[in-house]
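Here's the structure, in structure tokens; my notes come after.
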Amino acid sequence: MTAKREKLAAMFRQATVIPVLTIERVEDAVPLARALVAGGVRVLEVTLRTPVAIDAAKAIMAEVPDAIVGIGTILNANDLARAEALGVQFGISPGITPELLQAASASRLPFAPGIATASELMQALAHGFDLVKFFPAEQSGGIKALRALAGPFPDVLICPTGGIGEANAASWLNEPNVVAVGGSWLCPAAEIRSGNWAGITAICERSMKSLKPAHR
Ligand code: 3PG
């Protein structure tokens, strides 16, 4: 068990839920992160889906010390290097390429590669990654698919993301191989656009109150 893998598992376990953040305006970053933290949600995935993503992550790290910031939507070795240079706590990808797995394995950044099939999971394991993001979770067969993967891979820790929300997060978290769940339901785009930070805090509080931490 490497130190970076242990650190990743500890962060995800502590998180229970990890919001997937798409930040369109850099000025939204800090109030959004503060709203999430106020609702008890501290581990944040800032996705590289918008031109301001890196600056948004920087602002959160500088101004919201209680947030634990990671970078998501890492698609290649260059994205990974940008995340590592920022000094974030972890990286997440939606899928894998041999180039990305090699770079992530050589990097010190705790990293959760995205997988949706047994073959992809085997490639991740071959590079030393036994905590993975299952994406897109609901669309790739949901909890039935997750249980099927647990058969040959009982020791793998999974963070399902994609199609998870208030209605089904508890069922996913109840699965023995799930370490945390991710999703955008905690920070709906409309609430971010309208600056409804109190609304986002309320969603987080409700979710954190109703959800039990994962078993793993
Ligand atoms: C992700 O990148 O993990 C997904 O976009 C999150 O999926 P969701 O929007 O269905 O939660």
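When a ligand or atom number is given, it counts from 1 through the structure's own listing order. Numbers for residues simply follow the sequence, beginning at 1.
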Taking the six-membered ring for Trp and the full ring for Phe, Tyr or His, determine whether the centres of F111 and F90 are under 6.0 Å apart. no
Answer with yes or no whether the side chains of H215 and N174 bring together a donor and an acceptor at under 3.5 Å. yes
Sequence neighbours excluded and cut-off under 3.5 Å, please list the side-chain donor-acceptor pairs for residues 51-73, or say none.
from : atom 1 : to  : atom 2 : distance (Å)
T73  : OG1    : R49 : NE     : 2.9
T73  : OG1    : R49 : NH2    : 3.3

Sorted by chain and residue number, the side chain to side chain donor-acceptor pair (under 3.5 Å) partners of S107 (sequence neighbours excluded) come out as E84
What are the two closest heavy atoms between M208 and G40, and how far apart are they? CE-O, 3.6 Å
With sequence neighbours left out, write down each residue that passes ring-ring contact (aromatic ring centres under 6.0 Å, His included) with F135, or none if nothing qualifies. none
So which protein residues pack against ligand 1 under 4.0 Å, heavy atoms counted? V20, R49, K133, F135, T161, G162, G163, G183, S184
